[in-house]
Amino acid sequence: MQGWGQILGAAAAVWMTTTLSGAAYAQNADVKAGAEVFTKCKGCHQIGNGAQHRVGPHLNGLFGRQAASYDDFSYSKSFRRAGAGGLEWHADTLDAFLENPRSLASRTRMSFRGLKKAQDRANLIAYLRQFSDDPADIPEADPTAQGSDHNVAPAILTLKGDPEYGQYLSGECTTCHLADGTDNGIPSIVLWPQDDFVVAMHAYKSKKRIHPVMQMIAGRLGDEEIAGLAAYFATLEE
Amino acid sequence: MTLNRRRFLGAAAAAASLSAPMVRAMSKPRVVVVGGGAGGATAARYIAKDSKGAVDVTLIEPTRKYYTCFFSNLYLGGFKQMEDIGHSYGGLAAGGVNVVHDWAIGVDREAKTVSLAGGAALSYDKLILSPGIDFVDGAVAGWDVTSQNAMPHAYKAGSQSELLKAQLQAMPEGGVFAMVAPPNPYRCPPGPYERVSMVAHFLKQNNPTAKIIVADPKPKFSKMGLFQEGWANHYEGMVDWIGEEFGGGNVSVDPAAMTVTIDGEETKVDVCNVIPAMKAGRIAELAGVTDGNWAPVNAADMSAKADGDIHVLGDASQQGDMPKSGFSANSQAKVCANAVRGALTGSKVFPAKFSNTCWSLIAPNDGVKVGATYEATPEKIAKIDGFISQTGESADVRKATYKESEGWYTGITTDMMG
């Protein structure tokens, strides 16, 4: 049961997972390799278009969901207790669970011994995340923000940012975020797909994402400025 | 030769606004930066980096290694080692900044030169002063620079921080640690109170019956509710904060007798941390750009109101609403670097944007923060919007805030030093 308190704590303080842990699981994760790993799971779990509960519940929209929360699936008592206790599925809780399922739900019916290799787990988590689209699937963290990130007008997404302006504005980012993309307690923001960057910044601006510093910084950036930053960070060479 | 060159440079600078590419063709414009802290190091690095060799950048900084004031309280509390907060200037030098370890002792604004203690005089087209703080003479009765070994200020990190820590470690059981807190405005508004927290943490571990007295000339202070909540939670009964209302501003010290007299009441103490009233680092005054204790600046580009070719950054500047913090200095430096580079090379100048966040550690994994964004108005740097940690936050939130501050520390020191 070691780590149980930590995991519940992490699940309870959602923004903590977004700021601290998310990126660690996202680094160097390979979605394709994760699809390979998922072959171990698909005897029991479906995922993707039209997925249904089978032996295990379907895994669409997993991220940010409370454990054992489908009324139409029959969970073990262990899992129902864990869900009622606040366990939510995020990159870090999934990582702990996939390493040793019984560490989180001691009498789970899922007969799977776990994935010992951290890289396998990271790949699988990255793969699973493809099927949780609320909010955007970005490398900063698992999708844990409140509400949808996707309400960004198409006109905003098609804005072509000025990377030179972005470079100037980036000075405000690099006081905390490392320009070489390493994560030393503050997530990496370099080399993101531009759309993801724009969506994330607008989610902070509209306070759907909950980090107070980022809400403040994004809150006064205009659409052009966000586009400029996205353009600059997307192409930053190491 | 020197005279001709100066005249030539002056003409080149005058031409810059009209025909920037010509300037590049004729000679390299020169920027001299005085002070290698959060403001000066950042400005030097950004101008050198972004001008890609088109501007000659010299940084004057007396110390070989820069110890950050931010996180120096964490060293006192035992959370960081001295080495963790020390940074060499090698990264800046490798990034194209000419780093000169010397003291700037004078500025000739007519000739546009900076004189150094070592004897050299450096010409500049733009001068950036980021000298940090000095102390106001006579601010605390009985204390001057000759007493700083008996009663350290530890408000410029380095040997003073080590001295204060050694004194803290040597305190007798049940002894008294006194702090004389500074009046506004001063470097790092939450700094004295984070220090109280870190000293309390050390004493709780090593000398739990010891006491802390704070004599404060102010009626309230930065993050007051958060600190007082933390002191009550973690260090109950240890901290006695004497604010303005109870005579905290009426203080004298006797470094020989190791006594502090607060509002007429003399107390024998074991350690006394005197943080006097502050003013801009002396070179700002010598350059003639100060008005009173600080150097007034234009918010749009941090240029001194007294001289458009001199910019003043960070603690030394009087800019409006931003607190005197390393984060603020770093933020101002980037606005200044963009403006200076634009003036000298014709590169695009973007509108000023400023921000600040100050993290403080109250106890292990109990971090708090306050921050705001700012804009340039014709009058000053004006606050737009801000936030502060809340009292009663969960342990997880506080722990995450502390972890975030560690990430920020890596971020800002990399941003400054390369």
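Bear in mind that the values here come from a model prediction, so they are computed numbers and not experimental data. Here is how names work: the chains are called A, B, and so on, in the same order as the sequence lines, proteins then strands, and each is numbered from 1.
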Quiz item: How long is the gap from CD on E172(A) to OG1 on T373(B), to the nearest 0.5 Å?
Solution: 8.0 Å

Quiz prompt | Side-chain touch V349(B)/Y168(A), heavy atoms, less than 4.5 angstrom | solution = no

Exercise. Quick one: pull up CG in N338(B) and CG in L169(A) and give me the separation to the nearest 0.5 Å.
Key: 9.5 Å

Quiz item: Is the shortest heavy-atom distance from the side chain of W408(B) to the side chain of V213(A) under 4.5 Å?
Solution: no

Exercise. Can you tell which part of Q215(A) gets under 4.5 Å to a heavy atom of chain B, answering side chain, backbone, both or neither?
Key: neither

Quiz item: Is any side-chain heavy atom of R220(A) less than 4.5 Å from a side-chain heavy atom of D385(B)?
Solution: no

Exercise. Could you check which of A372(B), G386(B), G326(B) has the highest count of heavy-atom pairs closer than 4.5 Å to chain A?
Key: A372(B)

Quiz item: In terms of heavy-atom proximity below 4.5 Å to chain A, should Y409(B) be classed as side chain, backbone, both, or neither?
Solution: neither

Quiz item: T410(B) versus chain A, heavy atoms under 4.5 Å apart: side chain, backbone, both or neither?
Solution: both

Practice problem: Find the distance between CD1 (I186(A)) and CD1 (I412(B)) and round it off to the nearest 0.5 Å. | Solution: 10.5 Å

Quiz item: Can you tell which of N330(B), T414(B), N356(B), T357(B) makes a side-chain hydrogen bond (donor to acceptor under 3.5 Å, both in side chains) with T175(A)?
Solution: N330(B)

Quiz prompt | Residue pair G371(B) / M216(A): nearest heavy atoms and the distance that separates them | solution = C-SD, 3.7 Å

Self-check item: Gap between atom NZ of K49(B) and atom CD of Q167(A) - 0.5 Å precision
Solution: 5.5 Å

Quiz prompt | Which atom of G171(A) lies closest to which atom of D415(B), heavy atoms considered | solution = O-OD2, 4.2 Å

Quiz item: Would the number of heavy atoms belonging to other residues, nucleotides or ligands and lying under 6.0 Å from NZ of K116(A) be above 12?
Solution: yes

Practice problem: Kindly compute the distance separating OH (Y46(B)) from OG1 (T174(A)), expressed to the nearest 0.5 Å. | Solution: 3.0 Å

